[in-house]
Amino acid sequence: MYRRTGALLAVGAAVTGLVAGAPSTATAGTEAGSGAGAGAGAPKWTRCATEEYPRLECSELTVPLDHANPGGRRITLALSRVRHTAKTFQGPLLVNPGGPGASGRKLAGFVAASLPAKVAAQYDIVGFDPRGVGASKPALNCKPGHFAPVRPDSVPHGRAEEAANLARASAFTRGCKARHADVLPHINTPSTAKDMDLIRQSLGAEQISYLGYSYGTYLGAVYAKLFPHRVRRAVLDSVVDPRGVWYGDNLDQDLGFDARHKAFAAWVARHDATYRLGSDPARVEAAWYVMREALRREPAGGKVGPGELENTFMPGGYYNGFWPYLAEAFAAYVNRKDSAPLVEAHENFGAVDAAGDNSYSVYTAVQCRDAAWPRDWGVWRRDNWTMHAKAPFSTWNNAWYNAPCATWPVAPLAPVDVTNVALPPVLVLQATDDAATPYAGAVAVHHKLHGSSLVVEQGGANHAVTLAGNACLDRYLTDYLATGRVPRAAGGGEADAACAASPEPKPLKAAARAALRDQERAGAALHTVLGHRNGRP
């Protein structure tokens with residue numbers, strides 16, 4: 001049901017030329033799956049086609065739970081692929097949708113269907129559920145129903161509400177320890193990166209290419225640090241700032257999502273003729289907070305309180321194509337006292353099912369293990385009230401989302417320094433106003449990965465920008481995958497190339513609903529595959 005406006009603008013920045021990466025003839029062997037490296041048997045692929053992805057195949061791969069003890073307990077990774085069909089074979093292209101905790105098996109089908117057929121046909125496009133996720137075994141589920149409504153208000157209006165939220169976070173931590181104590185030390189980014197190299201070995205490939213979105217950019221950078229000579233090409237789309245993993249990055253997100261919420265209010269104000277919520281953005285935003293307070297007193301349908309409302313509207317911060325649907329529910333509640341559209345919007349955008357419980361369990365396990373978090377709740381309280389004063393939309397919601405890390409039962413690792421001088425040219429793509437992964441992170445990674453090229457969506461604010469409808473950005477992606485060439489700025493500026501942002505969505509019109517849906521399938525499909533609705537990631 002999700003949509004995005006179809007018209008596209010494409011403006012390229014001046015470049016001096018293209019720099020070649022690896023040659024177009026792969027070193028990965030003549031056939032994916034034709035051989036296996038040490039420690040990883042070749043996967044046996046079976047058809048798992050869907051109506052959307054008729055050529056999809058699936059397999060499993062066993063890997064060590066503890067890579068330091070390869071002879072010990074084994075776990076299973078779930079894999080998918082769409083095989084190459086062209087005579088020119090460029091090897092495996094591993095894809096990851098981010099999270100951490102997002103399932104990656106559908107992404108292989110999506111990428112294969114979304115790339116130009118001539119380019120997709122040259123790769124075995126391989127997706128995988130990272131350890132603990134989805135169809136991989138064991139799959140984590142620390143506390144089923146953790147997001148069942150109605151949760152305590154995320155903004156604590158006193159110590160009693162703060163204590164209720166702390167108790168909820170602590171119960172989640174205890175659930176993780178009780179159910180998965182033996183697994184939790186091994187659910188982390190470096191372990192997943194090592195799994196990726198065993199996938200590479202199992203495919204009989206000397207090198208892999210990689211496309212990662214969001215958290216997948218950090219995973220890709222860590223893989224590249226651990227196995228630099230195994231990287232043939234790498235695309236990092238919407239880039240995690242490795243300097244803030246993970247406490248600082250989450251605080252930075254709060255500013256970004258608040259800015260996107262204000263942008264949503266301004267968009268609603270510009271379309272006052274449709275929504276009748278006022279033409280002043282500040283007035284529209286105030287009406288949203290009045291709605292939030294009303295739901296605190298009486299949750300809509302007994303399901304949508306303040307926390308659920310925030311989860312419902314947060315996907316609009318990832319992708320503005322969701323705005324028309326959110327605006328309709330907002331207007332119905334405010335103008336007609338009709339809460340049914342708001343309940344429906346929550347079911348579509350904010351409700352968390354069993355797959356979401358699994359995703360959140362892995363998200364927490366990875367983030368809490370990857371790096372140190374404050375153990376003193378007083379630090380969290382101070383930092384989040386300070387941030388809430390500047391960015392009230394989702395600061396406390398985000399704090400409670402990550403609060404299990406304050407009492408996590410496994411000691412943290414040291415974050416990986418992803419600085420790298422041993423890679424071929426890496427393509428980095430970023431919207432300048434992205435909320436989930438702010439622009440500064442892409443610049444930092446661009447500087448850390450020697451020889452990388454940064455392409456920006458100037459004025460763009462959606463998260464995950466390629467294969468989402470922007471033809472200019474997609475040209476850079478597809479040319480790189482086809483040839484290994486990246487753009488280089490003429491003047492040595494921060495960005496090597498720029499594309500104009502995709503246009504904003506328009507209000508829904510009943511007569512044009514089906515046509516608009518057809519036009520805007522790409523952006524909505526990508527954000528659905530990446531999991532930017534029905535909770536986070």
Side-chain angles (χ1 to χ4, degrees), residues 10-28 88 90-96 111 114-116 118-120 122-123 125 207-213 216-218 220-221 223-225 227-240 242 418-432 434 437 439 441-458 460 464-468 470-500:
V11 178
V15 295
T16 57
L18 295 170
V19 176
S24 62
T25 300
T27 59
T88 299
Q90 302 221 43
L93 171 64
L94 267 65
V95 296
N96 180 271
V111 170
S114 302
L115 286 171
K118 184 177 180 180
V119 176
Q122 297 177 23
Y123 286 94
I125 301 176
Q207 294 181 310
I208 60 169
S209 297
Y210 180 78
L211 168 60
Y213 292 94
T217 66
Y218 182 65
Y223 177 83
K225 182 69 172 186
F227 306 100
H229 301 296
R230 299 302 186 183
V231 177
R232 183 168 180 270
R233 292 175 190 157
V235 181
L236 308 181
D237 183 331
S238 303
V239 184
V240 166
V418 301
T419 303
N420 207 319
V421 298
L423 297 175
V426 170
L427 184 64
V428 179
L429 300 115
Q430 181 73 34
T432 56
D434 183 357
T437 53
Y439 178 70
V443 175
V445 167
H446 177 41
H447 291 157
K448 286 178 176 290
L449 302 184
H450 179 76
S452 65
S453 175
L454 175 61
V455 178
V456 303
E457 184 181 21
Q458 194 65 46
V465 296
T466 56
L467 305 182
N470 188 311
C472 174
L473 293 165
D474 287 351
R475 280 197 296 272
Y476 286 109
L477 170 68
T478 57
D479 185 67
Y480 175 70
L481 291 178
T483 69
R485 294 194 297 266
V486 296
R488 294 296 188 203
E494 188 172 78
D496 294 285
C499 295

For this session: Taking the side chain as every heavy atom from C-beta outward, state whether Pro487 and Val455 have any atom pair closer than 4.5 Å.
Result: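 Yes, close enough: below the 4.5 Å cut-off.
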Exercise. Do Leu211 and Val111 come close enough that some side-chain heavy atom pair is under 4.5 Å?
Worked result: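 Touching, per the 4.5 Å side-chain cut-off.
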Within this structure, what is the [atom1]-[atom2] distance for the pair [X] and [Y], rounded to the nearest 0.5 Å?
| X | Y | atom1 | atom2 | value |
| --- | --- | --- | --- | --- |
| Leu454 | Arg488 | CG | CZ | 10.5 Å |
| Ile125 | Leu481 | CD1 | CG | 8.5 Å |
| Ser238 | Glu457 | OG | CD | 9.0 Å |
| Asp434 | Leu429 | CG | CG | 12.0 Å |
| Asp237 | Leu467 | CG | CG | 8.0 Å |
| Arg233 | Thr483 | CZ | OG1 | 6.5 Å |

Donor-acceptor pair, [X] side chain versus [Y] backbone, under 3.5 Å?
| X | Y | value |
| --- | --- | --- |
| Asp474 | Thr466 | no |
| Lys225 | Thr419 | yes |
| Arg230 | Tyr223 | no |
| Thr88 | Gln122 | no |
| Asn470 | Ala500 | yes |
| Asn420 | Pro228 | no |
| Gln207 | His229 | yes |

For this session: Begin with the C-alpha distance, continue with both residues' side-chain angles, and end with the deciding distance and a verdict on side-chain contact (heavy atoms from CB on, under 4.5 Å) for Tyr218 and Val418.
Result: CA-CA 8 Å; Tyr218 182 65; Val418 301; 4.2 Å; yes
Testing the basics here: between [X] and [Y], what is the closest heavy-atom pair and its distance to 0.1 Å?
| X | Y | result |
| --- | --- | --- |
| Val465 | Ala431 | CG1-CB, 3.9 Å |
| Tyr213 | Ala464 | CD2-CB, 3.6 Å |
| Ser209 | Tyr123 | OG-CE2, 3.9 Å |
| Gln430 | Thr437 | NE2-O, 2.7 Å |
| Gln90 | Ala482 | NE2-O, 3.1 Å |

Atom pairs and distances, donor-acceptor, side-chain atoms in residues 421-428, under 3.5 Å, two or more places apart:
none

Exercise. If you count the non-hydrogen atoms of other residues, nucleotides and ligands that lie under 6.0 Å from NE2 in His450, is the total more than 12?
Worked result: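 Atom NE2 in His450 is not packed in, count stays at 12 or less.
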For this session: Would you please name every residue forming a side chain to side chain contact (heavy atoms under 4.5 Å, CB included) with Thr217, sequence neighbours left out?
Result: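 For Thr217 the side chain to side chain contact (heavy atoms under 4.5 Å, CB included) partners, ignoring immediate neighbours, are Leu236, Val239, Val240.
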Problem set entry | Working for side-chain contact (heavy atoms from CB on, under 4.5 Å), residues Cys499 and Tyr476 | CA-CA 10 Å; Cys499 295; Tyr476 286 109; 3.7 Å; yes
For this session: Not counting sequence neighbours, which residues clear side chain to side chain donor-acceptor pair (under 3.5 Å) with Thr478? List them please.
Result: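 By the side chain to side chain donor-acceptor pair (under 3.5 Å) rule, Thr478 matches no residue at all.
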